Amino acid sequence: MKNYNLSDAQTLEVYRIGLENAERQDVIANVLAELGYDSQTIGEGKQLWSFTREVYENNDKEEDETVSAYVNFSQSFEELEDLFKVHRKKAKVVFRKSPDILQRLAVSGAYPSSYIKKMESIKKFYNTLFADVPLLNAMSKLKVTDAEVQQAKVLITTVETNRGEYLKEKGESQDATMKKDMAFAKLDEWMQEFYAVAKIGLEDQPQLLEALGKVVK
């Protein structure tokens, strides 16, 4: 039976040993050949193994790329959010007597909790400031400069680009995981039959199953 406690890498290693020693160990090779597992049949198993190994490595690569893309996205968003929170507090002070302006700047009420609502609030805030010179001049009293507003707008673009890249990588990783699972399912099925036949053929010499990667008590 398949050992579900093993990682994918460990499973691949067990299968590699089993397939290689099925040909390299003469006694095992002869027994298996008599039961239909000659070099040609073992070669089919090796092809399945090679394909699964390739798919496994691709999945591993896609997962690494997803993690990297998420780090880029989260860091850029954290930088933008930190800048916005400072500007938001200053705007609430500057326009504390003008609730209509606070509404226009999307800073009235509680700070949003979801990413989408945060980004909509941030974009509305900076777009409004950027388009309204008197408002920006008023904010300059608390040292909110045009350069900082420009910086925020650049960060907005960076965040949205990075999030798009992260979601792309995430989708590719999920697709790679699905393909990996399908490949392992086919390889597992082939190997379980292989081990079942080997167990029958080596019934009188069960310790030889160790050479195929199976622990025998």
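In this text, all values refer to a predicted model and were calculated from it rather than measured experimentally.
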Under the criterion salt bridge (Lys or Arg N to Asp or Glu O under 4.0 Å), I'd like the reasoning laid out for Asp132 against Arg104: C-alpha separation, chi angles, the key distance, then a yes or no.
CA-CA 11 Å; Asp132 195 318; Arg104 284 177 58 200; 2.9 Å; yes

Heavy-atom check, side chain of [X] versus side chain of [Y], under 4.5 Å:
X: Glu81; Y: Lys85; answer: yes
X: His87; Y: Leu83; answer: yes
X: Glu160; Y: Lys123; answer: yes
X: Tyr15; Y: Tyr195; answer: yes
X: Leu167; Y: Arg163; answer: yes
X: Leu19; Y: Leu212; answer: no

Just by modelled atom types, is the [Y] backbone N or O under 3.5 Å from a matching donor or acceptor in the [X] side chain?
X: Ser7; Y: Gln10; value: yes
X: Asp38; Y: Thr41; value: yes
X: Asn30; Y: Asp26; value: yes
X: Tyr56; Y: Ala183; value: no
X: Asp175; Y: Gly171; value: no
X: Ser140; Y: Asn137; value: yes

Spacing of [X] atom [atom1] and [Y] atom [atom2] [to the nearest 0.5 Å]:
X: Leu187; Y: Leu48; atom1: CG; atom2: CG; value: 6.0 Å
X: Glu79; Y: Leu155; atom1: CD; atom2: CG; value: 4.5 Å
X: Trp190; Y: Thr52; atom1: CH2; atom2: OG1; value: 11.5 Å
X: Gln205; Y: Leu209; atom1: CD; atom2: CG; value: 10.0 Å
X: Leu202; Y: Gln25; atom1: CG; atom2: CD; value: 8.5 Å
X: Thr128; Y: Ile101; atom1: OG1; atom2: CD1; value: 11.0 Å

Establish whether [X] and [Y] are linked, either directly or via other cluster members, by ILVMFWY side-chain heavy-atom contacts under 4.5 Å.
X: Val107; Y: Val93; answer: yes
X: Val31; Y: Ile17; answer: no
X: Ile116; Y: Tyr166; answer: yes
X: Ile122; Y: Leu135; answer: yes
X: Leu142; Y: Leu136; answer: yes

Search all heavy atoms of [X] against all heavy atoms of [Y] and return the closest pair with its distance.
X: Ile42; Y: Ala22; result: CD1-CB, 4.0 Å
X: Leu105; Y: Ala91; result: CD1-CB, 4.3 Å
X: Lys46; Y: Glu23; result: NZ-OE1, 2.6 Å
X: Ala106; Y: Ser121; result: O-OG, 3.0 Å

Side-chain ion pair, Lys117 and Glu120, N-O less than 4.0 Å
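Salt bridge absent between Lys117 and Glu120.
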
So, are Glu13 and Arg53 salt-bridged, with charged N and O less than 4.0 Å apart?
no

For the residue pair Lys118 and Tyr111, would you count it as a cation-pi contact if the rule is NZ or CZ under 6.0 angstrom from the ring centre and within 45 degrees of the ring axis?
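The answer is no, since Lys118 fails at least one limit relative to Tyr111.
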
Heavy atoms of other groups near [X] [atom1], more than 12 under 6.0 Å:
X: Lys179; atom1: NZ; answer: no
X: Glu57; atom1: CD; answer: yes
X: Gln150; atom1: CD; answer: yes

Sorted by chain and residue number, the side-chain contact (heavy atoms from CB on, under 4.5 Å) partners of Asn162 (sequence neighbours excluded) come out as Asn72, Phe73, Ser76, Thr158

Residues in side-chain contact (heavy atoms from CB on, under 4.5 Å) with Glu78, at least two apart?
Asp82

Evaluate the side-chain contact (heavy atoms from CB on, under 4.5 Å) criterion for residues Thr11 and Met191: first the C-alpha distance (whole Å), next the side-chain angles of each, then the deciding distance (0.1 Å), finally the verdict.
CA-CA 11 Å; Thr11 297; Met191 292 301 298; over 6 Å; no

Distance-only check: which donor-acceptor pairs under 3.5 Å involve side-chain atoms of residues 62-69, not counting sequence neighbours?
residue: Glu65; atom: OE2; partner: Lys61; partner atom: NZ; Å: 3.4
residue: Thr66; atom: OG1; partner: Glu62; partner atom: O; Å: 2.8
residue: Thr66; atom: OG1; partner: Glu169; partner atom: O; Å: 3.0

State yes or no: are the ring centers of Tyr115 and Phe77 separated by less than 6.0 Å?
yes

Taking the six-membered ring for Trp, are Phe194 and Trp49 closer than 6.0 Å centroid to centroid?
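Centroid distance Phe194-Trp49: not below 6.0 Å, so no.
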
Check the pair Glu203, Lys199 against salt bridge (Lys or Arg N to Asp or Glu O under 4.0 Å), reporting the backbone distance first and the verdict last.
CA-CA 6 Å; Glu203 188 173 5; Lys199 187 174 182 179; over 6 Å; no

Checking Asn59 against Asp8 for the side-chain contact (heavy atoms from CB on, under 4.5 Å) test, could you report, in this order, the C-alpha distance in whole Å, the side-chain angles of both residues, the deciding distance, and whether it holds?
CA-CA 11 Å; Asn59 179 228; Asp8 289 340; 5.7 Å; no

Do Lys153 and Asn127 meet the criterion of a side-chain donor-acceptor pair at a distance under 3.5 Å?
yes

For a salt bridge (Lys or Arg N to Asp or Glu O under 4.0 Å) check, start with the C-alpha distance between Lys186 and Glu189, then their side-chain angles and the critical distance, and finish with the verdict.
CA-CA 5 Å; Lys186 291 180 181 178; Glu189 183 179 3; over 6 Å; no

